[in-house]
Number of protein chains: 2
Amino acid sequence: MDSTGGTADRILAATQTLLRRQGYAATGLQQIATDSRSRVGSIYHFFAGKEGLADAALRSSGAAYGAYVMGLLGAAEDPIASLGGAFDRAAADLVATDYADACPVATVALEVASTNETLRQATSDVFTDWIEGLSTWCRAIVSDPEAARDLATAILAALEGAFILSRTRRDPEPLLAAGRSMTRLATAMRSTATGPLRPYSEASDPA
Amino acid sequence: MDSTGGTADRILAATQTLLRRQGYAATGLQQIATDSRSRVGSIYHFFAGKEGLADAALRSSGAAYGAYVMGLLGAAEDPIASLGGAFDRAAADLVATDYADACPVATVALEVASTNETLRQATSDVFTDWIEGLSTWCRAIVSDPEAARDLATAILAALEGAFILSRTRRDPEPLLAAGRSMTRLATAMRSTATGPLRPYSEASDPA
DNA sequence: GTCTATAATTTGATAGAC
DNA sequence: GTCTATCAAATTATAGAC
């Protein structure tokens with residue numbers, strides 16, 4: 001009972017929300033202080049400046065969101081049904097927050113990829129962990145490790161890209177369409193040989 | 001011969017590069033003036049402030065990038081081969097620019113989706129045009145219009161998401177893996193009935 | 001640990017000379 | 001059309017009283 005409600009926790013939570021919705025450069029320490037009912041001086045008391053605060057916020061929200069998504073993927077018995085449900089849930093979450101809360105790290109990731117090595121590394125670590133977890137999960141659909149990693153990468157990329165389209169157009173359709181397409185892809189990969197790229201019409205069944 | 005080399009054109013080009021690489025909030029008018037060998041006063045002479053300049057820059061680079069991608073998709077006779085080639089080319093372009101130049105509107109799109117209605121509308125218009133063009137192109141693979149739109153949305157989402165992953169991790173692999181997956185998906189959708197989502201094992205051939 | 005005050009810099013934006 | 005000067009506000013960051 002020590003990690004809830006404290007000033008540092010409120011600062012971290014407010015930072016996560018602002019970074020998710022408007023990015024790093026557009027978020028000022030004054031806004032973080034106001035939203036967290038604290039002071040700029042308190043931010044410097046608890047964190048190593050704006051960059052250190054953002055680093056901690058990204059890693060923390062990245063871990064939490066990864067756990068949330070992996071939980072959705074284990075919801076149903078059939079993994080492909082869970083996959084479709086996860087995209088549907090992401091669409092519902094987005095609409096429920098008026099298209100504000102999608103991926104907690106993507107906005108900052110694009111902003112800092114070419115300009116801030118510390119934060120680029122933080123977002124990179126988050127994505128690496130997610131792909132790792134997703135790849136393992138995908139092995140329930142395709143046994144080949146390389147094919148599972150390809151599928152995991154495609155699922156994460158489709159989710160992130162659909163978040164961009166749905167937030168920008170204020171329309172859940174891109175997320176729903178991406179979910180349908182990933183379900184189709186997973187189904188096709190499960191029912192066929194899964195080695196390196198090969199036309200399915202020529203695929204031979206190894207079983 | 002009137003749209004090249006002028007001060008307004010240099011300002012627009014510099015803005016497009018900076019918005020693509022670091023986003024809207026992180027890009028200052030002073031930096032734009034320096035990079036375009038002009039002055040802040042000149043920016044206000046030619047454009048309607050920072051927002052008006054960004055609006056023009058996004059719409060212009062959006063149209064140019066859309067034309068570039070559609071050109072890649074028409075490169076080979078087989079549309080699916082062209083599709084794979086487009087992702088490969090995107091990966092090569094990204095590496096050649098040291099992971100700086102990916103989608104010219106995505107970074108700003110995520111930044112402004114919840115905070116700037118003018119620029120949200122600009123990025124939304126760009127994405128809408130792209131999906132429109134892609135959907136038409138996808139009808140060469142799947143005849144059903146709704147299925148073609150689903151495929152187009154998935155391709156664009158996978159490209160945008162893979163751009164995030166590749167830029168952040170400084171690794172072309174996510175783009176290449178997304179390309180392989182989209183090729184697989186397109187192949188699966190071409191060789192089968194293309195109505196609303198239905199397991200392929202149960203699909204009946206309408207021809 | 002909290003809060004105020006402030007330093008040093010940068011931002012978007014404007015006015016006016018040339 | 002170009003360029004200089006400048007304004008008001010906001011930025012990150014720090015020092016020090018309480």
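Here is how names work: the chains are called A, B, and so on, in the same order as the sequence lines, proteins then strands, and each is numbered from 1. Because the structure is a prediction, the values reported are computed rather than measured.
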Rounded interatomic separation in angstrom, taking CD1 from A:Ile32 and C1' from D:dT12: 11 Å
ring-ring contact (aromatic ring centres under 6.0 Å, His included): pairs with one or both residues in residues 100-151 of chain A, sequence neighbours excluded: A:Tyr65-A:Trp130, A:Phe127-A:Trp130
Set of residues satisfying salt bridge (Lys or Arg N to Asp or Glu O under 4.0 Å) with respect to B:Arg89, sequence neighbours excluded: B:Asp93
Nucleotide D:dA13, atom C1' - distance to CD1 of A:Ile43 in whole Å: 11 Å
B:Tyr44 OH to D:dT6 C1', straight-line distance once rounded to whole Å: 14 Å
Partner set under salt bridge (Lys or Arg N to Asp or Glu O under 4.0 Å) for A:Arg59, not counting sequence neighbours: A:Asp55, A:Asp125
Pairs touching residues 5-60 of chain A that satisfy ring-ring contact (aromatic ring centres under 6.0 Å, His included), sequence neighbours left out: none
Please tabulate, one pair per line, all N/O donor-acceptor pairs under 3.5 Å involving side-chain atoms of residues 152-161 of chain A, not counting sequence neighbours.
residue  : atom : partner  : partner atom : Å
A:Thr153 : OG1  : A:Arg149 : O            : 2.9

Candidate nucleotides C:dT11, C:dA13, D:dT12, ranked by approach to the side chain of B:Gln30 - the nearest: C:dT11
Nucleotide C:dT11, atom P - distance to CG of B:Leu53 in whole Å: 15 Å
Contact pattern, 5' to 3', of nucleotides 1-9 of chain C - B, S or - by protein heavy atom under 4.0 Å: SBSS-----
With A:Asp35 via salt bridge (Lys or Arg N to Asp or Glu O under 4.0 Å) - residues at least two apart: none
A:Val40/A:Gln30 under side-chain contact (heavy atoms from CB on, under 4.5 Å): CA gap, chis, key distance, verdict: CA-CA 6 Å; A:Val40 173; A:Gln30 187 53 244; 3.6 Å; yes
d(NZ, A:Lys50; P, D:dT11) in whole Å: 9 Å
Nearest-Å distance for atom pair CG/C1', residues A:Leu29 and D:dA13: 9 Å
Intermediate values then yes/no, side-chain contact (heavy atoms from CB on, under 4.5 Å), A:Gln22 and A:Thr107: CA-CA 7 Å; A:Gln22 59 187 28; A:Thr107 305; over 6 Å; no
Nearest-Å distance for atom pair CD/P, residues A:Gln31 and D:dA9: 19 Å
Within residues 106-120 of chain A: residues closer than 4.0 Å to DNA chain D (heavy atoms): none
Counterpart residues, salt bridge (Lys or Arg N to Asp or Glu O under 4.0 Å), relative to B:Arg120 (two or more places apart): B:Glu117
